[in-house]
Amino acid sequence: MKRNIGNLIVKDNKQGLSPQESNFYQSMVKEWHQNENELNAARKHP
């Protein structure tokens, strides 16, 4: 997932993203943040 996000950031910086790619990028970032938050919560409350 991080690789896909990184690839989209590079593409966005070079030529911009299509609306579909932008929506995909936003949903991946949201999912990544949610996963990180869940992992952090699980680490705090074993």
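Counting begins at 1 with the first residue of the sequence.
- Taking CG of N37 as the start and CG of N40 as the end, the distance is 6.5 Å to the nearest 0.5 Å.
- Counting heavy-atom neighbours within 6.0 Å of Q20 CD, excluding the residue itself, gives a total of 12 or less.
- Atoms CD and CD1, on Q26 and I5 in that order, are 10.0 Å from each other to the nearest 0.5 Å.
- One distance of note links CG of L17 with OH of Y25; it measures 8.0 Å at 0.5 Å rounding.
- Considering CD of E31 and CD of Q34, their distance stands at 7.5 Å, rounded to 0.5 Å.
- For residues 6-15, the side-chain hydrogen bond (donor to acceptor under 3.5 Å, both in side chains) pairs, not counting sequence neighbours, are K11-E21.
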